[in-house]
Amino acid sequence: ASKKIAVLVGSLRKESFTRRVAHSLIELAPAGLALSIVELRDLPLYNEDDEPDPPPAAYAAFRDAIRGADGILFCTPEYNRSVPGCLKNAIDVGSRPYGKAVFADKPTAIASVSPGALGGFGANHHLRQMLPFLNMPTMPAPEAYIGGVASKYDGATLTDESTRAFFQKFMAAFGFWVVQHAG
Ligand code: FNR
């Protein structure tokens with residue numbers, strides 16, 4: 001059976017480059033992966049006062065979506081050299097209640113995206129600080145820092161052939177990683 005992958009996109013805007021990259025990665029994934037984006041826009045800011053009884057419906061729906069996945073693909077822009085708040089908030093929501101983090105043991109990979117030259121390095125590595133704490137086996141390589149992203153797309157279409165080849169290689173490696181580390 002194919003492995004279900006939840007894709008988390010750290011941008012809420014309609015024309016997001018990061019969302020375009022997420023769609024490309026989904027399109028170029030190997031046959032053994034079934035990927036779908038789990039939307040973050042309706043998640044309220046995490047507030048411990050809302051736990052446990054009952055948590056907001058949006059928290060429960062998000063946690064169920066992550067629980068049902070065999071792996072996670074993070075696609076993140078960089079805000080102020082870190083992860084945008086919507087993605088940090090989603091990680092916080094999924095990490096609680098204490099001892100019941102839905103992310104635990106899910107194999108994961110990170111693609112960071114920027115119109116700038118550094119390819120979201122800061123956001124990528126701030127994720128790499130968080131994920132071990134959540135006990136998520138995180139693919140070390142290939143690393144994906146997608147810089148200069150605006151020149152790689154014509155509208156929604158990925159026009160840069162070397163990027164397409166890299167995305168294919170990255171997703172093939174992730175497919176292997178998920179099989180190796182699936183719980
Ligand atoms: C940015 N941007 C940005 N880019 C970057 O490479 N490093 C950074 O630290 C930041 N910081 C930053 C902060 C805030 C608040 C915003 C709104 C933007 C620019 C960012 O890369 C650009 O807006 C991207 O297009 C955002 O990604 P999406 O929405 O296109 O996926």
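Position 1 is the first residue of the sequence; numbering continues from there. Counting starts at 1 for both ligands and their atoms, following the listed order.
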Please say which of Leu73, Val38, Thr76 ends up in a side chain to side chain contact (heavy atoms under 4.5 Å, CB included) with Leu8. Val38

Atoms of ligand 1, numbered as shown, that sit under 4.0 Å from any heavy atom of Arg81: 7 (N), 8 (C), 9 (O)

Suppose I only count heavy atoms of Thr18 and a 4.0 Å limit; which atoms of ligand 1 are within that range? 27 (O), 28 (P), 31 (O)

Measure the NE2-CD1 distance between His126 and Ile91 for me, rounded to the nearest 0.5 Å. 12.0 Å

Please say whether more than 12 non-hydrogen atoms of neighbouring residues, nucleotides or ligands are located less than 6.0 Å from CD in Glu15. no

Polar contact flag for Glu78 and ligand 1 (N/O pairs, less than 3.5 Å): yes

How far is atom 11 (N) of ligand 1 from its nearest protein heavy atom, and which residue and atom is that? Asn80 N, 2.9 Å

Show the atom names and distances, to 0.1 Å, of all donor-acceptor pairs under 3.5 Å that link a side chain in residues 113-124 to residues at least two apart or in another chain.
{"residue": "Ser114", "atom": "OG", "partner": "Gly116", "partner atom": "N", "Å": "2.8"}
{"residue": "Asn124", "atom": "OD1", "partner": "Arg128", "partner atom": "NE", "Å": "2.9"}
{"residue": "Asn124", "atom": "ND2", "partner": "Ser112", "partner atom": "OG", "Å": "3.2"}
{"residue": "Asn124", "atom": "ND2", "partner": "Ala144", "partner atom": "O", "Å": "3.3"}

Are any of the protein's heavy atoms under 4.0 angstrom from atom 23 (O) of ligand 1, yes or no? no

Heteroatom proximity flag, Pro77 to ligand 1, N/O under 3.5 Å: no

Hey, can you tell me if Tyr145 and His125 have their rings parallel, tilted or perpendicular (30° and 60° cut-offs)? parallel

Of Pro115, Ala150, Pro84, which has the heavy atom at the shortest distance from atom 21 (O) of ligand 1? Pro115

Minimum side-chain heavy-atom gap Leu25-Val7 below 4.5 Å: no

Side chain, backbone, both or neither: which part of Ser11 has a heavy atom under 4.0 Å from ligand 1? side chain

Are Ser24 and Tyr153 close enough that a side-chain donor and a side-chain acceptor fall under 3.5 Å? yes

Under a 4.0 Å heavy-atom limit, does Arg13 contact ligand 1 with its side chain, its backbone, both, or neither? side chain

Closest protein heavy atom to atom 6 (O) of ligand 1, given as residue, atom name and distance to 0.1 Å: Ser114 OG, 2.7 Å

